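To start, the structure under review is shown below, and the notes come after it.
A, B, ... follow the sequence lines: proteins, then strands. Residue 1 opens every chain. If you're wondering where the values come from, they're calculated on a predicted model, not measured in any experiment. Reckoned from all heavy atoms, side chains included, excluding hydrogens, waters and symmetry mates.
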Amino acid sequence: MGLEKAKIILGVIGADCHAVGNKILDHALSAAGFEVINLGVLVPQEEFISAAIETDAKAILVGSLYGHGEIDCRGLRDRCLESGLNDILLYVGGNLVVGKTDFDAVKEKFSAMGYDRIYAPGTLPDEVIADLKADLAKKGVRHG
Amino acid sequence: MGLEKAKIILGVIGADCHAVGNKILDHALSAAGFEVINLGVLVPQEEFISAAIETDAKAILVGSLYGHGEIDCRGLRDRCLESGLNDILLYVGGNLVVGKTDFDAVKEKFSAMGYDRIYAPGTLPDEVIADLKADLAKKGVRHG
Amino acid sequence: MELKNKKWSHDEFYAMRKDVLTHWATGAEVDFDEAVRYHATIPAKKHFAKRLTKAKKAGETLTQPRAGVALIDEHINLLNYLAEEGEADLLPSTIDSYTRQNQYKEAQNGIEESLRAGRSLLNGFPAVNHGVAGVRRVVEAVKGPVQVRHGTPDARLLTEITLAGGFTAYEGGGISYNIPYAKSVSLEKTIFDWQYCDRLVGIYAEHGVEINREPFGPLTGTLVPPSVSHSVAIIEAILAAEQGVKNITLGYGQCGNLIQDVAAIKALEQLAEEYLAKHGYNDCLLTTVFHQWMGGFPQDEAKAFAVISWGAAAAALAKATKVIVKTPHEAFGIPTKEANAQGLKTTKQLISMLRDQPFPITQEVEAEINIIKAETRCILDKVFELGGGDFAAGTVRAFEAGILDVPFSPSKYNLNKILPARDNNGAVRLFNTGNLPFTQEIVDFHREKMAERAKFEGRSASFQMVIDDIYAISHGRLVGRPK
Amino acid sequence: MELKNKKWSHDEFYAMRKDVLTHWATGAEVDFDEAVRYHATIPAKKHFAKRLTKAKKAGETLTQPRAGVALIDEHINLLNYLAEEGEADLLPSTIDSYTRQNQYKEAQNGIEESLRAGRSLLNGFPAVNHGVAGVRRVVEAVKGPVQVRHGTPDARLLTEITLAGGFTAYEGGGISYNIPYAKSVSLEKTIFDWQYCDRLVGIYAEHGVEINREPFGPLTGTLVPPSVSHSVAIIEAILAAEQGVKNITLGYGQCGNLIQDVAAIKALEQLAEEYLAKHGYNDCLLTTVFHQWMGGFPQDEAKAFAVISWGAAAAALAKATKVIVKTPHEAFGIPTKEANAQGLKTTKQLISMLRDQPFPITQEVEAEINIIKAETRCILDKVFELGGGDFAAGTVRAFEAGILDVPFSPSKYNLNKILPARDNNGAVRLFNTGNLPFTQEIVDFHREKMAERAKFEGRSASFQMVIDDIYAISHGRLVGRPK
Ligand code: B12
Ligand code: B12
C-alpha cells in the first residue's frame, strides 16, 4: 500500500510447457507483494522483452524445465541491452540443461550468458523471493 | 554304481552359522554322485583336516559367508600339507570378505592362500559340480 | 470445417495428406504402399500390438521406459541398452520438444549442435528430421517393439514418417497432447489433426497393418483425479475407434493411494469397454497402461527408487498391461542410460515378485471403482449431450464450459477452475469441483473427504493445501501436511 | 539345574553373576548401582523404549538399520551418518561374530588387525572387548536411541557390559539366538543363559530403568512360516516377562505375500497380548518389528531397491512399530555406510508416503489372520502341555519332538523335518508339516495350497520346489517357478 508494487515478468521459455512451477511461483510472488506479469509457458525471448518494456518491469524470471534451456536462454541479455533494458535483473531457474549435471558447471554457463541468479532444480519460492527483495533493495527499488 | 563315489568334505568355516547354502550344496553334490561328508556350520580348520584324513577325501569345500573368511581361511593349505594331505583340492566360496568388494582382488588373495578355486557370492551349485568333475578327472579320479 | 466424430473419407484424408507431406523435406520419403509391405516384414516379437495382446492374455505387466536422444546411432545404442541391461519389454522413442512444436529447423539445429558437442542437446529423438530411412535404421537395429512417445499437438507429419518408418505403436491424442502441452492451440484444431493421425492408423489397419494407439493418460501428471483423465482417455478411444483404430491402450497416472490406483485401472478398463460398446465400436482390443508417479520427484536417488517401486507395485497389483517407468534421475534431468536401466530393473523385480499376488477387490476398492465410474459417467454423458450426440464437438464445448477441466493445464482452452487435493488417506479428490457436471451426492462426497482432512490438520482447505500436495512426494510424503 | 519358567531370585542371579563378570577382563568394569545412575542421565530422545512407545501411540513406523564396525570412533561415525544422512529413527550396534561365539580373543585379534589394516575386518562391533567405558563413548556420541543386535547364544557378559554401558534396548532370546545361530548348544543351556539376561533387564526395571527387549523374529530368515516364528516369539516374550521384562518388541521376517505379511503382524500383536494376559503378564508394553526380506537378495542394486521397497511397503501397510532395513549391498557383503543410508532413505520415503493409507482388513487378510492364529495356538498350547504347564521346559521337549521346528536351522537340537514352500500366490506354506501339532483341517489346508501350486506348475511338490523358492527372490521372482 502506498508504495507501488515492483513489476516482475515471469515465464517459461522456448518450446517448454511445464506449467506447475510457473503457477506456484506466480502465486508465491504475488503473495509476497510483487506485481507479477505471468506470460505462462511457451514464451519466446521477444515476448519477455516486449512485456518488460511495456510494463517497466524490474526483473525477468525465466523458467526452463525441459532440458533445452541452454539453447533457449542464450542471447536474452543481449536482447535486453539492445532494447534499452540496461538495468533489468535476469533470473533463470528450473532443470536448465539436459540430464543430471553438476550444478556449479550449469551456474557458470548461465552466469556467462548474463543471468544474475541461477537456480537449481527444485528451488522453493521462498529462496527466490528473498533474493529478489535483496537485489531490488540494492538497486534502490522498494515494494509494498 | 560299480565305481566308488569320490568323497568330498563340505563345511562352513569359523564362527559362521549360515546353513542354507551349505544344505543346498550338500543336496546338489550328492545328487551329482559325490559322497558328501557335510560338517555343517561353525567348523574349525582342524575338523576339516581330520575329516579329510579319516575319509580319504579328494576335496575340501570351504564355505564362508559372514565376512570373516579372510581371517578364518588363512593357513588351511599349510595344515593340509602338514597333515600329509598333499594332493587334496581346496575350494572356497561364499561372501568371503567384509563388504562389497571387487571379486578379482578377493580371488587373488585366496589364491595366494592356496585355494584351487574361489567362488563369487551367489554361485550356483552347477558351476561347482562341473569344476569338481573336471578337476578330479585331471587328477585321474573318476566317480560314479 | 465442422468438427464431427465421423470417419474421414479417403478423399478427405488424401487431400490433406498432400499438404502434410510438404511440411518438411523428409515428407517426400513417405510411400504408403511400400510402407505396408515393409510392415509385413516386421517379426511378431517386435510387434507392439501383438506383444500387448499376449501380455493381456497372460496377465503380465510389461515394462517400458521413456528414452530418446538426438542422433540415430546413439538412439539405437540407448534403446538396446535398455532392452538388454534394463530388461525392458517394450521400447519407446521419445521425441524432442522442438519436433513436438513442429519447429523442425530448431530440431535440425539441435542435431547439428549435438554432433558438435558429442552429446545430445535435444531432449528426445527428432524423428521427422531423421526421416523414414533414419527411423527404419532404428526399428531394424532395435531388439524389441518400439512406440513413438511425444506430446505433439499437430503430429500429422510425425505420424506419417514414423509409421512409414515401421513403428508399431503411437502415443497421443487431440486432447491429451494439447491440454497438457500447449498454450494457445484450439481443441478444434488438435482434435481435427489427430483425426488425421487416427485415420492414418485406420487406413494401415484396412491394409492389414495393426498399429497400437495410446492416448496420453496422465495429462499434466499433477493431482489429476481419475475421473478427469478417464473421461479424456475414453473420449480419445472413441475418436480413434471411429477413424478405424483397432488396438488401443488406455492410460492412467498413479495418484499414490493404492486403493484408488487399483480401482482406477479396473474402472478404466470396465468403463472403456462399456462406452465403446455402447457407441458401436465392438472390435477394438483394449489394454491398459499405468504411469509411475508423474509429478515432482524427490532429488535423492534412494528416495526416487522408493517412488518408482511404489508405482511398480501399484501397476502390478492393479494388473495393468504395461507400466511406464521413471528413473532415479527424474528430479534432475533426462536420465543417463544407466539410470534409466536402474528404474526398469527395480520395476521388473517388483512386478515379477508381485505377479502371483493380485490385489483383492475389497469393499474399499469396490467403493472407489463405483465413485470413479459415477463421476466419469457424469462427465462423459454431459459431453455427449453438449455435442448433440457427438463426442468431438461435445469435447470442445465441454472444455469451454469447464465440464472437462484438467488441473494445472497451461492451455487457455482449459477453464482451470477445478482444484484437486488429497484426502486424509492420500486419494486425490477435489476441494473445488468447478463446473464438473457431478451429482450433488458426488459433490458432497468430495466436500466431506476434504473436510475430514481439513479437520485432521486443523486448517481449512485452501490453495496452500494444493501447493503442499504438489511438493509432498518430492519432500517425502504423500499428503502435504502442514509442518 | 532344572529349567523352569520361573523368576530367578536375587540370590540365584548374583551367584551366577560373580562368574559371568570374570569371562573377560572388561567384566570388572561393571558396577550396577553406578550403571543405574548413569541410565538416569540418558535423555528421553535417546531412550529406545520411550521412542517405541511414542511411535506405537502415533501409528508411526520407525526405521532401523543394522550396523557395526570394529573400532569405536568408526562405529560412532557410522551410526551418526546413518542417523543424519540415512534419517534412521533408531540405531543399532550389530555385534561381530567372534563376540557372538564368546571368542573374545579372536575379537581382540580382529580389533588389532582392523587397526593395522585401516578398515574393519570384523563384521560387527566387539562390545565386550571395548568394555563399559568404550560402550559409553558410543552411547554418548551417537544421536539416537541405540540397541544391541547380535545372535549370541550365551550373551550374559555382553548384556552386562552393554546395559551398564547405557544401551536402552537389547535383541535376542534363548531360542531365537540359538536355533538359527548355533550347531551344538543345547536349548536348555541357551534358555537358561537368556533367563540371566532377561533377569538382568528385570532387575534394571526394578531400579526404574526401562530397557526394551526384542526376541529375534525372523529366525533363519528363509521361508519361515509365520506360525513357527510367532510361536517362538511369544514363548520368548513369556520367558522374558517372567523375569521381569516390561517392554517387549516382537518381530517377524517378511515372507513377501502382502496379505500374509499384513496378517502376520496383526496376528502376532493380537496373539501376544492374548497369551501374555492368559499367563498372567499384564503389565508389558508390546510393540512390533517387521524385518525386510531376510533371505537371499538379488545382486543387482536396482533390484535390491525393489526388494527393500516392498519390505518397506509391507511394514507400513501392516503398521509395524519399526522396520529393520536391508541395503542394496545385501547380496555381497556388509554395506558401506552410503549403501546403508540408501536402504534407510528408500524405506523412509515409502513409509512416509504410506503412513496415511492403512491396509484394509479385508476378508483375505482376516482369513490369513485366522489361519496363523489357529496354527500358532496349536503349537503354543502343545508346548505348554509338554512342559507340564511350563513354557521353558516345554520348549526343550517341543524341539526334541519337532513340535517346534525351524526350517534350515543349523542346530542339531532342531528336528528339521518341516519343509516350507510357497503357495501359488507366494504365501509361505508347508509342503511337509512334519510333527507340527496341527489339526487335520490345518494339515489339509497346507496340502491343498501346495497341490494348487503343483498343479499350476505341472510338477509335484518336492525339495526342488523348496530350492527354487530359496533362489526365487534373488533371481527376480517370489514363487520359484520351473523354467
Ligand atoms: C509434471 C512434469 C511434466 C508434465 C508437465 C505438465 C505441465 N504442463 O505442467 C508433462 C507430463 C506434460 C511433462 C512433459 C514433458 N517433460 Co516433464 N516433468 C514433469 C516433472 C515430473 C515435474 C515438474 C513439476 O511440475 N514439478 C513441480 C513444480 C512445483 O516444480 P518445478 O517445475 O521444478 O518448479 C520449481 C523449481 O524448479 C523452481 N523454478 C522453476 N522455474 C523457475 C524459474 C525461475 C526464474 C526460478 C527462480 C525458479 C524456478 O521453482 C518452482 C517452484 O518450486 C519433472 C521432473 C521432476 N521435477 O520431478 C519432469 C521434467 C521437468 N520433464 C522433462 C521432460 C524431458 C519432459 C518432456 C520433454 C517429455 C519427456 N521427454 O519425458 C515433456 C516436455 C514437453 C514440453 N514441450 O515441454 C524433464 C526435463 C529434463 C532435463 N531438463 O534434462 C524432467 C526433469 C524429467 C526428467 N528427468 O526427464 N512433464
Ligand atoms: C539368511 C542369512 C542369514 C541368516 C542365516 C540363517 C542360517 N543359519 O542359515 C541369519 C539371519 C541367521 C544370518 C545371520 C548373520 N548374517 Co547373514 N545373511 C543371510 C543372507 C540374507 C542369505 C544367505 C542365504 O541363505 N542365501 C541363500 C543360499 C542358497 O545362498 P548362499 O548362502 O550365498 O550360498 C550359495 C553360494 O554363495 C555358494 N556357496 C556358499 N558356500 C560355498 C562354499 C563353496 C566351497 C562353494 C564352491 C560355493 C559356496 O553356493 C551356495 C548355493 O548356491 C545373506 C545375504 C544374501 N546372500 O542375500 C546374509 C549375509 C551372508 N549375512 C551376513 C552377516 C554379516 C550376518 C551376521 C554377522 C549378522 C549381521 N551382521 O547382519 C550373522 C552371522 C552370524 C554368524 N555367526 O554367522 C553378511 C555377510 C557379510 C560379508 N561377507 O561382508 C551377508 C552377506 C549380508 C550382508 N550383506 O551384510 N544371516
Side-chain angles (χ1 to χ4, degrees), chain A residues 10-32 38-45 47 63-75 93-106 109 119-127 129, chain C residues 69-70 96-103 106-107 109-110 113-114 117 119-124 151 153 178-185 220-223 295-299 301 327-336 339 407-412 414 416 463-464 466-467 470-471 474-475:
Chain A
L10 185 66
V12 179
I13 200 166
D16 191 337
C17 71
H18 288 90
V20 183
N22 171 271
K23 283 178 202 256
I24 290 187
L25 281 170
D26 185 349
H27 178 83
L29 288 165
S30 305
N38 189 357
L39 308 175
V41 303
L42 291 156
V43 182
Q45 289 199 357
E47 210 179 316
S64 177
L65 283 301
Y66 72 153
H68 292 182
E70 217 173 322
I71 304 180
D72 294 338
C73 293
R74 253 183 235 150
N95 299 60
L96 294 173
V97 295
V98 172
K100 183 169 178 174
T101 329
D102 171 42
F103 187 63
D104 288 337
V106 175
K109 195 173 279 171
Y119 294 90
T123 301
L124 295 180
D126 287 352
E127 190 186 336
I129 290 166
Chain C
V69 286
D96 71 288
S97 292
Y98 292 131
T99 302
R100 295 171 183 215
Q101 300 294 328
N102 313 105
Q103 300 173 354
E106 282 81 352
N109 182 28
E113 288 214 32
S114 302
R119 67 187 167 97
S120 181
L121 285 163
L122 291 181
N123 61 9
N178 175 342
I179 295 299
Y181 289 97
K183 183 161 84 171
S184 38
V185 186
T220 52
T222 306
L223 302 178
F297 251 65
Q299 297 197 340
E301 295 194 16
T327 83
H329 284 185
E330 177 64 14
F332 288 103
I334 305 268
T336 57
F408 304 103
S409 160
S411 171
K412 67 180 190 200
N414 186 74
N416 265 315
F463 193 63
Q464 188 56 45
V466 183
I467 294 180
I470 286 174
Y471 286 120
S474 59
H475 293 175

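Of all the listed residues (C:Ser409, C:Ser474, C:Pro335), the one sharing the greatest number of non-hydrogen pairs under 4.5 Å with chain A is C:Ser409. When C:Thr336, C:Ile334, C:Asn123 are compared by the number of non-hydrogen pairs under 4.5 Å with chain A, C:Asn123 comes out ahead. Per-residue counts of heavy-atom pairs under 4.5 Å with chain A were compared for C:Gln101, C:Lys183, C:Arg119, C:Gln103; the largest is that of C:Lys183.
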message: Let's go through C:His475 and A:Leu124 carefully: what are the C-alpha distance in whole Å and the side-chain angles of both, what is the deciding distance for side chain to side chain contact (heavy atoms under 4.5 Å, CB included) to 0.1 Å, and is it a yes or a no?
response: CA-CA 11 Å; C:His475 293 175; A:Leu124 295 180; 3.9 Å; yes

query: For A:Ile71 and C:Glu106, what are the C-alpha separation, side-chain angles and deciding distance, and is it a side chain to side chain contact (heavy atoms under 4.5 Å, CB included)?
result: CA-CA 9 Å; A:Ile71 304 180; C:Glu106 282 81 352; over 6 Å; no

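Between the side chain of C:Gln299 and the backbone N or O of A:Pro121, at least one donor-acceptor pair lies under 3.5 Å.
Using a 30° and 60° split on the angle between ring planes, A:His68 and C:Tyr98 fall in the tilted class, from 30° to 60°.
Of the two parts of C:Pro407, neither the backbone nor the side chain holds a non-hydrogen atom closer than 4.5 Å to a non-hydrogen atom of chain A. For C:Phe297, no part lies under 4.5 angstrom from a heavy atom of chain A. Heavy atoms of C:Ser120 lying under 4.5 Å from chain A belong exclusively to its backbone. For C:Arg100, no part lies near chain A; criterion is any non-hydrogen pair under 4.5 Å. C:Ser184 does not touch chain A: none of its heavy atoms, backbone or side chain, sits under 4.5 Å away. At a 4.5 Å heavy-atom cutoff, the contact between C:Asn416 and chain A is made by side-chain atoms alone. C:Leu121 touches chain A through backbone and side chain together, each having a heavy atom under 4.5 Å away.
Counting heavy atoms from C-beta on, the side chains of C:Glu301 and A:Lys100 come closer than 4.5 Å.
Of all heavy-atom pairs between C:Pro410 and A:Val41, the closest is CB-CG2, 3.5 Å.
Residues of residues 19-29 of chain A that come within less than 4.5 angstrom of chain C, heavy atom to heavy atom, are A:Ala19, A:Val20, A:Lys23, A:Ile24, A:His27 in numerical order.
Put simply, CG on C:Asn178 and SG on A:Cys17 are 10.5 Å apart, with the number rounded to the nearest 0.5 Å.
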